[in-house]
Amino acid sequence: MPEQPYEPERAIAGTGMGGAMDLGASEAVTLEPAPGPAGAGGPVGRPRSLWSDAWRDLRRNPVFLLSALVILFLVLISLWPSAIASGSPLTCDLARSQDGPGPGAPFGYDGQGCNVYTRTVYGARTSVTVGLCATLGVALFGSVFGGLAGYFGGVWDAVLSRITDIVFAIPVVLGGLVLLSVVTSNTVWPVIGFMVLLGWPQISRIARGAVITAKQHDYVQAARALGASDARILLRHITPNAVAPVIVVSTIALGTYIALEATLSYLGVGLKPPSVSWGIDISAASPYIRNSPHALLWPSGALAVTVLAFIMLGDAVRDALDPKLR
């Protein structure tokens with residue numbers, strides 16, 4: 001083979017495997033990617049976090065968008081029910097007992113002559129209030145107790161585990177019948193307190209497992225080796241990486257708490273008249289289901305849609321925050 005003349009533009013490039021290969025200048029230039037704008041295949045300023053990726057996935061999820069719109073509508077009518085319902089839910093006329101839909105009453109009237117539409121709209125306030133407050137209380141107490149038990153372990157972990165086992169052994173409906181039957185208050189706070197009392201062990205176990213997993217990571221060991229205090233490690237390093245499963249479980253449980261409030265009110269131990277609740281209306285309309293099924297179907301349908309919306313929202317959040325499902 002004739003000897004090739006030396007060309008200055010030829011370069012020697014490593015192959016990455018201990019050898020080398022000759023490349024022309026025009027070919028060598030193509031080895032380095034040209035800088036491009038962020039998001040077009042070029043380098044970006046900073047990597048996306050789990051939360052930014054989750055939010056991007058949620059915005060593209062039609063299940064999340066649909067459930068979020070339903071929940072937003074429920075929150076709005078809970079804050080301003082008079083915007084779409086005129087009159088008071090406590091105003092009743094026995095002369096219109098069990099009447100069907102008519103002017104000003106598109107859902108008809110119940111057995112006491114109350115406007116079913118107005119009571120259904122105002123009943124959303126009770127359900128949303130109970131669901132949100134119970135979920136916040138359960139998530140707060142469960143996360144604190146479970147996180148501390150998972151981080152410190154030892155006697156604290158053993159005692160908390162036995163307490164959660166005892167609380168889990170209490171049937172929820174039976175516990176509500178026993179504990180709430182002696183309460184005479186007509187407010188939502190006894191019901192919320194009961195839900196927090198029996199609901200925090202579930203979140204506690206989730207938080208405990210997440211903290212145990214997070215504290216074994218290298219960044220936590222590095223922070224501890226650098227002299228970081230336990231409070232700083234918990235707040236700055238463990239909590240941001242262990243809060244995702246707590247959020248997922250809490251979001252799904254919110255719909256369950258709304259259904260539980262309606263169940264307890266239906267049984268007569270939750271909210272009591274003159275409070276306005278879907279559970280109270282379902283209980284009052286049950287004996288008249290043959291003569292006036294509309295009085296039962298509308299609050300039942302509102303309850304079902306609300307619970308389904310929160311469960312769908314929780315499923316969407318779970319899919320977005322769990323990298324294994326992507």
Side-chain angles (χ1 to χ4, degrees), residues 14 16-17 32-33 35-61 63-64 68 132 135-165 167-168 196 199-254 313-326:
M17 300 178 62
E32 300 200 8
V44 295
R46 55 182 302 179
R48 288 195 302 265
S49 64
L50 172 66
W51 302 104
S52 60
D53 285 341
W55 175 239
R56 183 192 59 181
D57 293 341
L58 288 175
R59 288 180 298 175
R60 301 177 180 177
N61 191 341
V63 174
F64 170 78
L132 290 178
T135 301
L136 291 176
V138 167
L140 178 61
F141 286 100
S143 299
V144 171
F145 292 151
L148 293 177
Y151 182 78
F152 292 104
V155 177
W156 175 262
D157 189 15
V159 171
L160 183 68
S161 298
R162 300 294 75 78
I163 294 176
T164 55
D165 292 339
V167 177
F168 271 125
V196 173
W200 68 268
Q202 179 186 13
I203 301 297
S204 176
R205 286 191 171 183
I206 299 297
R208 174 182 175 273
V211 170
I212 290 177
T213 302
K215 75 176 184 179
Q216 298 175 358
H217 291 165
D218 292 339
Y219 58 84
V220 176
Q221 303 299 329
R224 183 178 289 109
L226 292 174
S229 62
D230 292 332
R232 181 178 179 83
I233 293 175
L234 280 170
L235 296 177
R236 295 293 300 275
H237 301 286
I238 292 183
T239 298
N241 295 280
V243 72
V246 175
I247 294 177
V248 172
V249 175
S250 300
T251 307
I252 297 177
L254 200 155
L313 180 69
D315 289 339
V317 173
R318 178 198 59 192
D319 296 341
L321 291 179
D322 192 351
K324 297 179 181 178
L325 300 178
R326 298 180 183 177

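- Residue pairs meeting the ring-ring contact (aromatic ring centres under 6.0 Å, His included) criterion with at least one partner in residues 224-247, sequence neighbours excluded, are absent.
- Note: L140 CG to I203 CD1 = 11.5 Å, rounded to the nearest 0.5 Å.
- The two residues P245 and A210 have their closest heavy-atom pair at CG-CB, 3.8 Å.
- Considering all non-hydrogen atoms of both residues, L58 and A316 come closest at CD2-O, 3.5 Å.
- Taking all atoms of both residues into account, the shortest heavy-atom contact from V211 to G150 is CG1-C, 3.9 Å.
- The neighbour count for R59 CZ, taken as heavy atoms of other residues, nucleotides or ligands under 6.0 Å away, is above 12.
- Take R60 and apply the side-chain hydrogen bond (donor to acceptor under 3.5 Å, both in side chains) test, not counting sequence neighbours, and it matches no residue.
- The minimum heavy-atom distance linking D157 with S161 is given by the pair O-OG, 2.8 Å.
- The ring pair (Phe, Tyr, Trp, His ring centres under 6.0 Å) check on F168 picks up nothing, with sequence neighbours excluded.
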Less than 3.5 Å apart, which donor and acceptor atoms pair up between the side chains of residues 220-231 and the rest of the protein, not counting sequence neighbours?
from: Q221; atom 1: OE1; to: R224; atom 2: NH1; distance (Å): 3.4
from: Q221; atom 1: NE2; to: K215; atom 2: O; distance (Å): 3.1
from: R224; atom 1: NH2; to: Y151; atom 2: OH; distance (Å): 3.4
from: S229; atom 1: OG; to: R232; atom 2: N; distance (Å): 3.3
from: D230; atom 1: OD1; to: Y151; atom 2: OH; distance (Å): 2.8

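- Here OH of Y219 is found 7.5 Å from CD1 of I238. Values are rounded to the nearest 0.5 Å.
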Using residues 246-254 as the side-chain source, report each donor-acceptor pair under 3.5 Å to any protein atom, sequence neighbours left out, with the distance given to one decimal.
from: S250; atom 1: OG; to: V246; atom 2: O; distance (Å): 2.7
from: T251; atom 1: OG1; to: I247; atom 2: O; distance (Å): 2.7

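- Counting only distance, with no hydrogens or angles, the side chain of S204 and the backbone of W200 share no donor-acceptor pair below 3.5 Å.
- Considering only heavy atoms from C-beta on, I163 comes within 4.5 Å of V159 through its side chain.
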The test is side-chain contact (heavy atoms from CB on, under 4.5 Å); show your working for L234 and L148 and say whether it passes. CA-CA 9 Å; L234 280 170; L148 293 177; 4.1 Å; yes
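- Taking D165 as the reference, R162, R205 meet the side-chain hydrogen bond (donor to acceptor under 3.5 Å, both in side chains) condition, with sequence neighbours excluded.
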